Enquirer: 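Before we start, here is the structure in question, set down as structure tokens.
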Amino acid sequence: MKTQEELKDLQNLRHSASHLLAHAVKRLFPEAKLGIGPAIENGFYYDFDYEKGFTEADLTNIEKEMEKIKSERFDITRFELPRDEAIKLMSERNEPYKVQLINELPEDAAISFYQQGEFIDLCAGPHVESVRKIKAFKLLSLTGAYWKGSEKNKMLQRIYGTAFFSGNELAEHLKMLEEAKLRDHNKLGRELEFFTTVDVIGQGLPLIMPKGAKIIQLLQRFVEDEEEKRGYLMTKTPLMAKKELYEISGHWQHYKEGMFVLGDEEKDGEVLALRPMTCPFQYFIYKSKLRSYRDLPLRYGETSTLFRNEASGEMHGLIRVRQFTISEGHLICRPDQLSDEFKGVIDLVQFMMRTLGIEEDVTYRFSKWDPANKDKYIGSEESWESSQSQMRQILDELKLPYHEVEGEAAFYGPKLDVQMKNVFGKEDTMITVQIDLALAENFDMSYVDSDGQKKRPYIIHRTSLGCYERTLAMLIEKYNGAFPLWLSPVQVKLMTVTEKFNDYALSVKKEMEDAGLRVSLDDRNEKIGYKIREARNERIPYLCVIGEKEVEQESVQVRSRKEGELGMMAVKKLVAKLVVENAAKSL
RNA sequence: GCUGGCGUGGCUCAACGGUAGAGCAGCUGAUUUGUAAUCAGCAGGUUGGGAGUUCGAUUCUCUUCGCCAGCUCCA
């Protein structure tokens with residue numbers, strides 16, 4: 001573990017490495033214009049405006065030039081300029097992006113530059129004191145990135161790299177990246193036959209194969225049973241609706257780009273859209289009759305398939321898809337019940353994560369609206385302030401270690417997002433809990449309160465386990481494909497050494513299956529060593545090779561990836577052990 | 001959608017303007033075998049799809065579909 005101080009040093013090193021990169025690029029491609037070049041979590045990048053675009057080969061040359069500059073042993077020095085001189089300097093050097101940045105700096109800001117040899121960059125610093133300090137670096141990839149992160153702006157060329165204080169650390173890091181590739185659910189999940197994709201079916205439409213489907217089925221049953229225990233009522237609602245429904249919910253105005261629309265608004269009397277969420281459908285179940293304050297809270301759950309027309313570049317394995325199934329639900333409650341209901345949801349969510357063994361792998365994000373961007377949202381400023389402050393209070397009472405982010409809210413309300421990183425460090429939302437004070441209004445939902453007055457309920461949108469596809473992806477990476485016993489699509493694999501044990505193996509299989517285990521049998525008694533290896537690659541928890549040694553009681557040898565060699569063990573003992581373990585895990 | 005990279009049998013890879021090749025997996029037969037590599041044989045590809053350049057395209061060009069990295073967007 002690195003100390004704060006060491007991390008800071010590493011950041012400075014990487015920031016300096018980005019300047020070294022820019023220095024080399026300016027030497028080799030003087031017409032390239034500088035964007036920005038910060039240190040990031042595991043390295044650094046620098047953005048350039050370069051019309052011709054860099055190639056992979058350029059990267060190698062740039063790297064060589066960086067080494068060369070390093071050998072020129074420049075000190076890295078800082079100086080400040082008044083605004084007009086700063087602009088003059090950057091204009092002379094033909095750096096329009098830097099001029100823009102200077103112009104956007106606040107009046108009283110110090111305008112600082114860092115220089116190494118002939119290279120000067122507008123930069124707040126700090127940096128290491130000399131290019132010689134940048135011991136080990138490597139350029140990793142070449143991509144596009146919009147100037148200032150807005151798709152309205154020009155796309156620049158971004159070069160990613162990483163840097164360390166020693167070659168060993170760099171080598172270790174690169175090795176880690178290689179290993180991460182092997183855990184990547186998008187590779188491993190296909191190898192393990194959890195899912196596949198087909199050109200003619202389309203992007204973001206994975207086929208979940210039997211083993212993947214088995215895991216999802218287990219998760220789904222687990223979720224539905226648990227929710228039922230906690231007072232949820234299950235619904236089953238349509239996968240599509242008329243556009244008028246989405247006009248009420250606001251999706252038509254705020255989310256139309258993300259929906260699959262069936263029919264032509266110009267020509268057709270009736271236009272439908274596949275649903276991107278479940279909310280309004282469950283709201284109409286609520287609205288099907290007059291509700292009393294005594295009826296609340298109502299907790300609706302649905303294993304809900306949703307469709308979102310993601311932009312073509314967004315799809316990724318099972319993490320980002322166009323059709324997915326989510327453990328969706330809405331809690332409709334009185335204002336005085338909001339806190340308890342919210343806490344109940346968090347308890348459920350944490351129970352789920354504990355059961356999956358991922359509670360240590362997530363972070364909590366309190367996602368707020370962006371007051372500077374009001375037309376992205378519905379509802380009044382007061383209602384946003386109210387829902388956000390109520391959520392914050394609940395989160396504080398729960399002592400959840402959350403961080404706040406502006407501009408990540410849903411268009412109808414603030415969210416608590418449970419974030420998990422994939423194997424490459426990219427973060428995605430697994431679970432989300434949202435407070436919504438807006439849609440009850442839009443849908444004219446009400447209940448009759450104890451004073452006889454009609455009032456608006458509060459709504460909590462939530463998922464308990466997120467969407468099954470993404471959760472499966474995260475679990476594949478978390479467990480490197482070796483799922484906990486209760487989730488393993490195949491728990492035990494039996495294989496026989498010779499044909500004469502096949503009948504016996506069948507009876508063993510039956511006995512295990514009767515005990516509730518998922519068993520597969522390979523009775524093609526050949527290449528037994530290979531078969532064992534293969535079964536291990538499939539991450540099957542228990543392998544039983546059934547062979548002779550006459551003694552029936554000891555004819556089964558058991559191996560577990562997790563526990564290593566278990567030694568010789570009788571079939572019945574094995575079954576008993578597995579059954580106990582199985583029951584314990586699934587409770 | 002944007003930028004860059006990539007698509008050769010189930011998998012891993014080769015050939016890179018001149019008749020598509022190997023290993024593993026698969027199938028058939030022999031072998032009856034205890035922790036990957038028993039032997040022999042067979043089969044499997046209009047090199048993602050389409051168009052163009054060429055005497056000739058897996059190789060060059062364009063286009064389309066898909067995959068990957070990132071940007072933007074998001075569960």
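In what follows, chains are A, B, ... by sequence order, proteins preceding strands, each numbered from 1. Heavy-atom basis, side chains included; hydrogens, waters and symmetry copies ignored. Because the structure is a prediction, the values reported are computed rather than measured.
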Enquirer: Does B/G23 pair with anything, Watson-Crick or G-U wobble, both distances under 3.5 Å, and if so, with which nucleotide?
Expert: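 Because both required distances fall under 3.5 Å, B/G23 counts as paired with B/C11.
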Enquirer: Could you state the CE-P distance from A/M315 to B/A75, rounded to the nearest angstrom?
Expert: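 To the nearest whole Å, that distance equals 15 Å.
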Enquirer: Could you state the NZ-C1' distance from A/K181 to B/U12, rounded to the nearest angstrom?
Expert: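 Going from A/K181 (NZ) to B/U12 (C1'), I get 15 Å.
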Enquirer: Is any N or O donor-acceptor pair between the side chain of A/E310 and the base of B/A75 shorter than 3.5 Å?
Expert: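 Present.
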Enquirer: Applying the Watson-Crick and G-U wobble criteria at under 3.5 Å, what pairs with B/G4? Answer none if nothing qualifies.
Expert: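 Paired with B/G4, as far as the under-3.5 Å criterion goes, is B/C68.
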Enquirer: Between B/C74 and B/U12, how many Å separate the two P atoms, rounded to a whole number?
Expert: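 Each nucleotide's P atom is 35 Å from the other's.
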Enquirer: With the side chain of A/K426 defined as its heavy atoms from C-beta on, choose the nearest nucleotide among B/A75, B/C65, B/G70.
Expert: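 Of the candidates, B/G70 comes closest.
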Enquirer: Pick base, sugar-phosphate or nothing for A/L140, based on heavy-atom distances below 4.0 Å to the nucleic acid.
Expert: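 Nothing: the residue A/L140, judged by heavy atoms under 4.0 Å, touches no strand.
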Enquirer: Look at all strands and tell whether A/R158 reaches a base, only sugar-phosphate, or nothing, counting heavy atoms closer than 4.0 Å.
Expert: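 Touches sugar-phosphate only.
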Enquirer: With a 4.0 Å limit, can you tell me whether A/H316 has a side-chain N or O closer than that to the phosphate oxygens OP1/OP2 of B/C67?
Expert: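 No, outside the criterion.
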Enquirer: Do the rings of A/F411 and A/H254 sit parallel, tilted or perpendicular, given the 30° and 60° boundaries?
Expert: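 Ring orientation of A/F411 relative to A/H254: parallel.
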Enquirer: Using whole Å, what does the distance between atom P of nucleotide B/G70 and atom CG of A/N42 come to?
Expert: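 Taking CG of A/N42 and P of B/G70, I get 12 Å after rounding.
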Enquirer: If I pick the C1' atom on B/A20 and the same atom on B/A75, what distance separates them, to the nearest angstrom?
Expert: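 Each nucleotide's C1' atom is 45 Å from the other's.
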Enquirer: Any ion pair linking A/E178 and A/K175 (charged N to carboxylate O, less than 4.0 Å)?
Expert: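 Not counted as a salt bridge, because no side-chain N and carboxylate O are separated by less than 4.0 Å.
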Enquirer: For A/F424 and A/D417, take the nucleotide of RNA chain B holding the closest heavy atom to each; which residue's nucleotide lies nearer the 5' end?
Expert: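 It is A/F424 whose nearest nucleotide is closer to the 5' end.
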Enquirer: Just checking, is any N or O donor in the side chain of A/T278 or A/E302 under 3.5 Å from an acceptor N or O on the other one?
Expert: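 Distance-only check fails for A/T278 and A/E302.
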Enquirer: Between B/C27 and B/C62, how far apart are the two P atoms, rounded to whole Å?
Expert: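 Going atom to atom, P in each nucleotide, I get 44 Å.
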Enquirer: Touch check for A/Y45, heavy atoms < 4.0 angstrom, all strands: base, sugar-phosphate only, or nothing?
Expert: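 Here A/Y45 touches no strand at all.
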Enquirer: Roughly how far apart, to the nearest Å, are B/G10 and B/U19 at atom P?
Expert: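 Here B/G10 and B/U19 have their P atoms 24 Å from each other.
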Enquirer: Could you identify the nucleotide paired to B/C62, looking across every strand shown and requiring Watson-Crick or G-U wobble geometry with both distances under 3.5 Å?
Expert: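 Paired with B/G50.
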Enquirer: For A/G407, report the nucleic acid contact type (base, sugar-phosphate, nothing); a contact means any heavy atom under 4.0 Å.
Expert: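 Result for A/G407 = nothing.
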Enquirer: Classify the ring geometry of A/W369 against A/Y377: parallel below 30°, tilted from 30° to 60°, perpendicular beyond 60°.
Expert: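 Judged by the thresholds at 30° and 60°, the geometry between A/W369 and A/Y377 is perpendicular.
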Enquirer: Report each atom pair, protein N/O against N/O of nucleotides 1-5 of chain B, whose distance is under 3.5 angstrom.
Expert:
residue: B/G1; atom: OP2; partner: A/S312; partner atom: OG; Å: 2.5
residue: B/G1; atom: O5'; partner: A/S312; partner atom: OG; Å: 3.4
residue: B/G1; atom: N7; partner: A/G313; partner atom: N; Å: 3.0
residue: B/G1; atom: O6; partner: A/E314; partner atom: OE2; Å: 2.9
residue: B/G1; atom: N2; partner: A/Y146; partner atom: OH; Å: 2.5
residue: B/U3; atom: O2; partner: A/G144; partner atom: N; Å: 3.1

Enquirer: Please determine, for B/C16, whether a Watson-Crick or G-U wobble partner exists with both distances under 3.5 Å, and give it or none.
Expert: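 Paired with no nucleotide.
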Enquirer: Reckon A/G258 touches a base, only the sugar-phosphate, or nothing at all at heavy-atom distances under 4.0 Å?
Expert: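 Contact class for A/G258: none.
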Enquirer: Students often get this wrong, so: under 4.0 angstrom with heavy atoms, is A/V321 touching a base, only sugar-phosphate, or nothing?
Expert: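 Base contact.
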Enquirer: When both hydrogen-bonding distances must be under 3.5 Å and the geometry is Watson-Crick or G-U wobble, what is B/A40 paired with, if anything?
Expert: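 Partner of B/A40: B/U28.
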Enquirer: Please give the distance between the P atoms of B/U47 and B/G4 as a whole number of Å.
Expert: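 After rounding to an integer number of Å, I get 28 Å for this pair.
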Enquirer: Once you round it to whole Å, what is the distance between C1' of B/A69 and CZ of A/R320?
Expert: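 My rounded result for the distance is 15 Å.
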Enquirer: Mind checking the C1' distance from B/C60 to B/U54? Whole angstroms is fine.
Expert: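 Approximately 10 Å lies between the C1' atom of B/C60 and that of B/U54.
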Enquirer: If you round to the nearest 0.5 Å, how far is CG of A/L188 from CZ of A/R190?
Expert: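 Nearest 0.5 Å value for the CZ-CG distance: 11.5 Å.
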Enquirer: Just how far, in rounded Å, is P of B/C71 from OH of A/Y46?
Expert: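 Taking OH of A/Y46 and P of B/C71, I get 18 Å after rounding.
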Enquirer: Under the ring pair (Phe, Tyr, Trp, His ring centres under 6.0 Å) test, which residues partner A/Y146, sequence neighbours left out?
Expert: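 Expected list: none.
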Enquirer: Rounding to the closest angstrom, what is the interatomic distance between B/G45 and B/A22 at atom P?
Expert: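 About 14 Å, rounded to a whole number of Å.
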Enquirer: With P as the reference atom in both, quote the distance from B/A37 to B/G18 in angstrom, rounded to an integer.
Expert: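 Comparing P positions in B/A37 and B/G18 gives a spacing of 40 Å.
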Enquirer: Provide, to the nearest angstrom, the distance between the CG atom belonging to A/L318 and the C1' atom belonging to B/C74.
Expert: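 One finds 16 Å between C1' of B/C74 and CG of A/L318, rounded.
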Enquirer: Expressed as a whole number of angstroms, how long is the span from A/R308:CZ to B/A75:C1'?
Expert: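 Spelled out: CZ on A/R308 to C1' on B/A75 is 6 Å.
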Enquirer: Could you give all pairs that pass the side chain to side chain donor-acceptor pair (under 3.5 Å) test and reach residues 204-215 of chain A, with sequence neighbours left out?
Expert: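 Side chain to side chain donor-acceptor pair (under 3.5 Å) check on residues 204-215 of chain A returns A/K211-A/E538, A/K214-A/Q217.
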Enquirer: Measure the distance from CD on A/E257 to P on B/C73 and round it to the nearest whole Å.
Expert: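 Between P of B/C73 and CD of A/E257: 14 Å.
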Enquirer: Which word best sums up how the rings of A/F48 and A/Y46 line up, parallel for under 30°, tilted for 30 to 60°, or perpendicular for over 60°?
Expert: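 Plane angle under 30°, so parallel.
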Enquirer: Now, which nucleotide makes the Watson-Crick or G-U wobble pair with B/G56, with each of the two distances under 3.5 Å?
Expert: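 Base partner found: none.
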Enquirer: Mind checking if A/K415 touches a base, just sugar-phosphate, or nothing, with heavy atoms under 4.0 Å?
Expert: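 The answer is sugar-phosphate, as A/K415 gets under 4.0 Å only of primed atoms, P, OP1 or OP2.
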Enquirer: Is it true that A/K154 and A/D49 make a salt bridge, defined as a side-chain N closer than 4.0 Å to a carboxylate O?
Expert: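 So A/K154 pairs with A/D49 through a salt bridge.
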Enquirer: Salt bridge check: are A/E404 and A/K368 linked by an N-O gap of less than 4.0 Å?
Expert: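 Here A/E404 pairs with A/K368 in a salt bridge, since their nearest N and O are under 4.0 Å apart.
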